[in-house]
Undergrad: 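Have a look at this one before I ask anything.
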Amino acid sequence: MVDKKDVKKKVDDIKSSVSDKKDDVSDRINEMKDDAMDKTDNMQEKVKDTMGGIKSSVSDKKDDVSDRVNEMKEDVMDKTDDMQEDVKDKMSDIKSSASDKTDDVSDRVNEMKEDVMDKTDDMQEEVGKRKTQAEKLLNEIMNTIKVKQVEVGKTLSDYTTPQKPLADVIETNDSIILKIDLPGVTKEDIDIGIAGESIDIMAKFEEESEGQDINYIQKERSYGETKRTLKLPSEIKVKEASADFKDSVLTIKLPKIEKEVHKININ
């Protein structure tokens, strides 16, 4: 069994020990508080001293900066005055130089004007000569072109004018009819020839007199002997052909050969 007295004694010893340690801790805390208060006071003193030193240093530096600024201002003012003087001197020199150059330019311009006027007169005289030559050459060219145009017109007329005499070819079921325009021609001046699958029509037109003062600009009418060959579209009965000439129109009727049709028996 546990002895209650021993237990109580141990408990009392423990309480006594705890109380002693509590007193020690309390003393230690108080010592620490005192030490902290001392350090705090020391630090405050140091901060005050430092701040005093800083303020004094800042004040000194402020004075130095102010002095330096004033010196710089004075230096800038001096340099500005010097620059203004230099600018005035240079402007005066520039104006003087510009005035001299203006006079030179004015003299040069006057010389150029006189030179241009002289050259203009020479050019106008040369242009007048060249213009006269050009007009003469142009007139010669235009006359040549007119002559060539007449020649070309005649040549084109020869190539582009339809064959003469003009003719219509008409085909019916049983014949071929030709109608040919032959103005100013008599039937005695007409000759017709049939060969195979073609027919030749020859006619003789009256010749127009041409004098030295006559120049044809365009010539399309038929003159002299004219021959026209027409191909026939079908075989004809040559011996039954007939012709009639009335009102300057030659009408030729050519009966067609009837083609025999052979029937084929189907087996």
Side-chain angles (χ1 to χ4, degrees), residues 127 129-267:
V127 167
K129 293 180 180 179
R130 291 180 180 271
K131 184 177 180 182
T132 302
Q133 295 175 356
E135 289 177 348
K136 183 178 179 181
L137 180 61
L138 182 61
N139 290 331
E140 293 177 356
I141 292 173
M142 292 301 296
N143 291 331
T144 303
I145 290 174
K146 288 180 180 178
V147 173
K148 294 297 181 182
Q149 282 179 338
V150 173
E151 294 177 357
V152 171
K154 290 180 179 180
T155 303
L156 290 176
S157 177
D158 293 338
Y159 279 103
T160 58
T161 301
Q163 294 184 11
K164 300 174 184 179
L166 302 178
D168 291 339
V169 180
I170 305 167
E171 184 177 14
T172 64
N173 292 331
D174 56 2
S175 63
I176 298 172
I177 301 172
L178 306 178
K179 290 188 176 184
I180 303 96
D181 289 337
L182 298 171
V185 177
T186 63
K187 66 179 181 179
E188 287 79 11
D189 295 326
I190 301 172
D191 188 13
I192 302 171
I194 300 174
E197 295 181 353
S198 64
I199 183 170
D200 295 330
I201 299 98
M202 291 172 286
K204 187 176 182 180
F205 294 87
E206 291 184 2
E207 292 283 353
E208 290 286 343
S209 61
E210 294 186 4
Q212 294 182 352
D213 297 334
I214 298 175
N215 182 24
Y216 282 92
I217 303 301
Q218 188 168 346
K219 190 174 182 180
E220 297 182 353
R221 297 172 62 200
S222 299
Y223 299 96
E225 290 187 357
T226 302
K227 179 180 179 181
R228 181 75 183 275
T229 300
L230 299 173
K231 188 175 181 180
L232 301 175
S234 303
E235 295 182 2
I236 61 169
K237 298 176 183 179
V238 177
K239 293 182 179 181
E240 297 181 11
S242 62
D244 182 41
F245 185 62
K246 185 178 180 181
D247 296 332
S248 298
V249 178
L250 175 63
T251 302
I252 303 172
K253 187 174 183 180
L254 306 171
K256 293 195 297 185
I257 295 175
E258 295 180 0
K259 294 182 180 180
E260 295 183 1
V261 179
H262 297 278
K263 293 184 178 180
I264 301 174
N265 295 325
I266 301 174
N267 296 326

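Atoms considered below: every heavy atom in the structure, side chains included; atoms not considered: hydrogens, waters and symmetry mates. Everything numeric in this text was worked out from a predicted model, so none of it was measured.
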Undergrad: Using the side chain to side chain contact (heavy atoms under 4.5 Å, CB included) criterion, which residues pair with Ile141? Sequence neighbours excluded.
TA: Leu137, Ile145
Undergrad: Is Lys256 atom NZ crowded by more than 12 heavy atoms from other residues, nucleotides or ligands, each under 6.0 Å away?
TA: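 Result for NZ/Lys256: enclosed.
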Undergrad: Tell me, yes or no, whether the heavy-atom count around Glu258 atom CD, taken from other residues, nucleotides or ligands under 6.0 Å, exceeds 12.
TA: no
Undergrad: Only one of Ile194, Ile180, Ile177, Leu230 forms a side chain to side chain contact (heavy atoms under 4.5 Å, CB included) with Ile252, so which one is it?
TA: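 Among Ile194, Ile180, Ile177, Leu230, the one that satisfies the side chain to side chain contact (heavy atoms under 4.5 Å, CB included) with Ile252 is Ile180.
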Undergrad: Take atom CD of Glu171 as the centre, draw a 6.0 Å sphere, and report whether it contains more than 12 heavy atoms from other residues, nucleotides or ligands.
TA: yes
Undergrad: On a heavy-atom basis, which atom in Ala203 and which in Val185 lie closest, and how many Å separate them?
TA: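 Of all heavy-atom pairs spanning Ala203 and Val185, the closest is CB-CG1, 4.4 Å.
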Undergrad: At what distance, to the nearest 0.5 angstrom, does CD of Glu135 lie from CG of Leu138?
TA: 8.0 Å
Undergrad: Any heavy-atom pair between the side chains of Ile192 and Leu250 that's under 4.5 Å?
TA: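 In short, these two side chains touch, coming nearer than 4.5 Å.
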Undergrad: Roughly how far, to the nearest 0.5 Å, is the NZ atom of Lys204 from the OG1 atom of Thr226?
TA: 11.5 Å
Undergrad: Could you grab the distance from atom CG of Leu182 to atom CG of Leu166, nearest 0.5 Å is fine?
TA: 9.5 Å
Undergrad: Which pair of heavy atoms, one from Pro255 and one from Ser175, lies closest together, and at what distance?
TA: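 Shortest heavy-atom contact: CA-CB, 4.0 Å.
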Undergrad: Please round to the nearest 0.5 Å and tell me the distance separating atom NZ of Lys253 and atom CD1 of Ile170.
TA: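 The distance works out to 11.5 Å.
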Undergrad: At what distance, to the nearest 0.5 angstrom, does CG of Leu254 lie from CD of Glu235?
TA: 13.0 Å
Undergrad: Answer whether the closest heavy-atom distance between the side chains of Asp181 and Val249 falls below 4.5 Å.
TA: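 Yes, at least one pair of side-chain atoms sits under 4.5 Å.
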Undergrad: If you round to the nearest 0.5 Å, how far is CD of Glu240 from CD1 of Ile257?
TA: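 Nearest 0.5 Å value for the CD1-CD distance: 9.0 Å.
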